[in-house]
Amino acid sequence: MYNHKEIEQKWQKRWEAEGLNRALDFDSKPKFYCLDMFPYPSGAGLHVGHPEGYTATDIVSRYKRMNGYNVLHPMGWDAFGLPAENYAIKTKVHPDKSTHENINRFREQIQSLGLSYDWKREVDTSSPEYYKWTQWFFLFLYKNGWAYRAKAPVNWCPSCQTVLANEQVIDGACDRCKTEVTQKELKQWFFKITDFAEELIAGLDKIDWPESTKIMQKNWIGKSEGAEIEFLIANCELRIKVFTTRPDTIFGATYMVVAPEHEIIEKLKDKIENYAEIEKYALMSERKTERERLAQEKEKTGLELKGVKAINPANNKEIPIFVADYVLKGYGTGAIMAVPKHDLRDYLFAQKYNLPIVEVIKPCEIRNVSPRLIRLGRKKLKIKNYHKDLAKRDNLKFKNNKEEESVYEDEGVLVNSGEFNGLESEVAREKITEWLATKGLAKKKINYKLRDWLISRQRYWGAPIPIIYCEKCGEVPVPEEDLPVLLPRDVDFMPHGESPLTRSKEFHKIKCPKCGGKARRESDTMDTFVCSSWYFFRYCDPKNAEEFASKKLLKYWMPVDLYVGGAEHTVMHLLYSRFFTKAMHRNGLINFDEPFLKLRHQGMILAEDGRKMSKSLGNIINPDEVVEKYGADTMRMYEMFMGPFEDSIAWNTKGVIGVRRFLEKVWRLGLSLRGATKGSDEARPPRLKRKRLSGQAISSPGKNLENLLHKTIKKIGEDIEHFKFNTAVASLMILVNHMEKEKFAPQHLFELFLKILSPFAPHLAEELWTQLGYKVGDADEGSKSIFAEKWPEYDSRLALEEEVDLVIQVNGKVRAVVQAKADISESEAQKIAMEQEKIKKWIGDKKVRKFIFVHFLRQQSHYLRHLQPGRLLNIVV
RNA sequence: GCUCCCGUGGCGGAAUUGGUAUACGCGUAGCGUUUAGAACGCUAUCCCCAAAAGGGUUGCAGGUUCAAAUCCUGCCGGGAGCACCA
C-alpha cells in the first residue's frame, strides 16, 4: 500500500515552490498555449466532471513540457453571474463574499489534483482589475460602431427579472431558471455580431474543431441565399419587401403574409377595412409566449387585410394580403410571398382559408436509368422520390389524397411560369431574379438567422456598462481614463425589473464627463458571456495595468493551441469569443483572427445509475472523497480510463478500484526494484506464455519487454496527441502486467516507463523516480524532477517484432495461425501456408485461384497490430 | 420537421486508411495464499448449435469485396442541437 495522501501533498507543495509550472514570457523554446474553459465557481464546489477536462489538458501540458515546449497552462474564475446573486437574495450574503469563498474552495480542490497550472496567472472576472478591461472592450466595440443601443422585442425572464440573449433561451424557457420567457419591447445594448456572420462561417474551415461543433455554429448562423423581391400594393405607392430562397416559384405566389408587427399594417391603416380586428389579432399574438406559439405550430391562424391587394410582380395578378403569426418579424423582411403548392406551411394555411394553389414546379422525371444513378442524381439535384414523398405526407397530414393538391417542396422544372417554363429550378432562380431586377423589383440577398447579441442585463453581479446619459449630450461613453466603472457595494440587489444599480444614488446621479451637466449612468450590467469572451487574452499578461494585454505578449502566446471544455458552450461562449477576436483583428489590434486552433469537448460524467448527477437524486459523486480515499493519481487516471474522452459515461466505483490496483502494482514493482537492481539476471523470469497460440517460443523475456516498452512509448505519445487517453492507460496496464509477470524489469527500462507514466500519475511517478535514486544533485539544491526529464524517444527498430503471427485464411476464413519472421516474403508465406496440414485439408483438391498477402507493418497505428504485428495470407480457391 | 452523431460480451469499452472481433478494466466462477476476512496471485469467462471436427455472431435486412464492426442502400432503436428561418 502506498500512502497517496502523504506523497501527493508533498509533491504538490514542492512543484509549486520550485515553480515547475511557470510559463516563461518570451522564452526561446516553442510555445504551447493549453487552455481549459474556466469554471463558474458555484456554491456546490467542484464536480467530478471538471477534472476530466483538466486532467486531459494537464497530461498534454506535462507531455509538451517534456518535449521541450514552453507551456502556458493557466486557470481562473468566471466569477460574475446570476447564481451568486440569487444566493445573495436568499441569504443576504453579498455576492462578492460568497463568490470569493467559492473561488477559494475551487482552487483548493483543483490544487489537490496535482494539476500543473501556473497559479501566478490566475484571473477573476469579478475583480475591478479585470472588469476594467471588460468595460474597455465595450468601449472598443462602441467606438467601432459594433455596440449600439436599440429598441427591440427582447426575451424577458419574469423570474430572473432580466432580458436574455437569444442563445440563452432554451425551448422557450430561461436557460438558468427554466421559467417561460416572454417578449418585451425594450431599449437595450447590442453587439453587432451579425456584421461578422460571413467571417464566422468562413473561419471554421481553418480550425481543428469537432465537426459537429462546426456544423452547429454554421446552423446557428443560418446562412441562406436568395432574393429580396418587392410586391407593389394596388392603388397605392407602398410596397412590401419579401425575402425568398425560391424566386423560381414566384409564379405560384397566390397570396402574401406579413408578420403581426409589420409596419405596413400601421401605414395602411386607412385602407384596411377590418383594421380593428387586425389590431386585436396582433395584440393577441404578441401576448403569446414562445411555448404557446410552438404548441400551435401546426395550426395556422391569420386574417386577411381587407380592402388592400398586392400585385405579384411576375404575372401582375392581384393577390390578397394576410397577417399571420407563422411569419416572424425578426427574420428576413417580416413578410413572405406564399407559394402553397411548394411550401407546406403556406399549403396548410391556403387550405384553411381556401386560397388558390398553383403548381409551378414539376419534379424531374428520371427514366431508363439505374437506381444507383437516381441516387446520385438525387444527391446532386436534391430531387427526392416524388411519389413516395407524397404517400408519406398524405398519410400523415392530409385527408385529401389527390396528388395534384399536395405539396412538392423540392426542385424541378418550371411550369405555369410564362417564358420561364421548362427551366430547371436552379437556373430559373437566377433568371427570374435578373428579370425582376431589371424592373427594379428584386435583388440577390443573403440572410442570416444570427441576431445581434443582446448584452444588457438588469442585474447586479456583473460588469457595469460604461455609458453615461447626459441631459444635453445624450449617450456619452465613459472616458477610458475613468475606467473601471466600479460596481457599488452598498446596494439592495433584490431584482425589481430595473437594475439594482438604479438604487445607488452615488452611482446613478453624476456629472456628464463632456459638459459637466446633469447626467446618469447606465444602470445595467453586461451579460457574463462578455467577461468570458476575452479571458484567454488576459492570461498572456494578467497583471498589466496599462492594457488588457501587451501586444508583444499576445503575439508570443496567442492563439490558443489547445482548448478543452464541455460541449454546452458550442454556440454561446465559443461563438462570442470568435466574434471578439474577429472584431479585434479587423481593427488591427491583433494579427490572428481565430482564438482557438484546436478544440476538444469532454463528455459528461453521469452518476452510477446512468442518470445525470443531481442534488435531488442524491447521486452526486464528490471529487474530494475520491481524492481522499483513492488519491489524486487514481482519480485522474480513472477519469481518463473510463472511455473515449468525448463520450458521456457513468461513474463506476469498482472501476476506480481497478485503477488504484494498477497503481499499487506499479508501486510494488518500483519498490522491489529499489534493492534488487544488482544481479538481476539471477532472477530469471519465467517464459511468457502465448495466450492464444501454441506457437514456438518467442525471443528472450527481457528482449520481449524491451520491445513492448518501445511500442508503448510510441503508442502513449500518439494517443496523447489524438486525445485517446483511455487506450493510453490500457497500454500502460499491459506493459505493467508484463513487467509483473516477468517479476523484474531492468532499471533502465523501468526509468523509461516512469517517464511515460508521469503525465497520467504525476505524484506516484515523481515519488518512485526519487526513491529509485534517479534524482540528480543534492536534495538541498533541489532534486531533479522527472518533469524536467526529456520525453523518451522510442527506438523504431525495437518497436518492431522479430517474429509475428502469420494468419492464413482460406476464402476469407481464418484456418491457421503460425509464427513467422517479421520480414517474411510473400512467396515464403505461400510456401509455409501450403505446408500446413490444416490448410491442405481446407484446400483439398480445389484449385488455388489467387493469394492475397497483407503487410500489417505498413499500418502501424492500428492498435491490435501494434502489440501483435502480423501478416495475413488469404488463399482463394 | 431540419441538421448531426451513435448501436460491439453480464457492464465501461478496444479494433473504423476494409485484413486474426471482443485489447484493457469491471463483474462472475474455480483454485492458491491467509486463523478469518480484506488484499494479492493463478486459471477460466461472447453466445448458440455440435461428441468432435467445425459452424454462427458487432441493432435488423440486403449489397459491394478475395476479405465488412468498418464502405453503400433501406429499416429499427437511442442521443444531441436547431426549430413556423420563407
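Basis for what follows: all heavy atoms, side chains included, without hydrogens, waters or symmetry-related copies. Naming: A, B, ... by sequence-line order, numbering from 1 per chain.
- No engagement by T570(A) is indicated, since no non-hydrogen atom pair under 4.0 Å with the nucleic acid exists.
- Legend: residues meeting side chain to side chain donor-acceptor pair (under 3.5 Å) with E608(A), ordered by chain and number and at least two apart, are T653(A).
- A search for ring-ring contact (aromatic ring centres under 6.0 Å, His included) contacts involving Y2(A) returns W667(A), not counting sequence neighbours.
- Taking atom NZ of K223(A) as the reference point, atom C1' of U3(B) lies 18 Å away to the nearest angstrom.
- Looking at residues two or more places apart in sequence or on another chain, you find a side chain to side chain donor-acceptor pair (under 3.5 Å) between E664(A) and R660(A).
- By the 6.0 Å and 45° rule, K300(A) stacks over the aromatic ring of Y326(A).
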* To do: Starting at the 5' end of nucleotides 48-56 of chain B, put B wherever the base has a protein heavy atom under 4.0 Å, S where only the sugar-phosphate does, and a dash everywhere else.
  => -----SSSS
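- Residues meeting the side chain to side chain contact (heavy atoms under 4.5 Å, CB included) test with K443(A), sequence neighbours left out: E228(A).
- The 5' end of RNA chain B is approached more closely, in terms of each residue's nearest nucleotide, by I215(A) than by the other of I215(A) and G332(A).
- Pairs engaging residues 638-648 of chain A under the side-chain hydrogen bond (donor to acceptor under 3.5 Å, both in side chains) rule: none recorded [sequence neighbours left out].
- Comparing U8(B) with G18(B), their P atoms are spaced 22 Å from each other, to the whole Å.
- Under the ring-ring contact (aromatic ring centres under 6.0 Å, His included) criterion, F322(A) pairs with Y255(A), F349(A), Y353(A), sequence neighbours left out.
- With a cut-off of 3.5 Å on both pairing distances, the Watson-Crick and G-U wobble pairs of RNA chain B assemble into stems of 3 or more at B:1-7 with B:76-82, B:10-12 with B:24-26, B:27-32 with B:40-45, B:59-63 with B:71-75.
- Contacts of K352(A) classified as salt bridge (Lys or Arg N to Asp or Glu O under 4.0 Å), with partners at least two apart in sequence or in another chain: E299(A).
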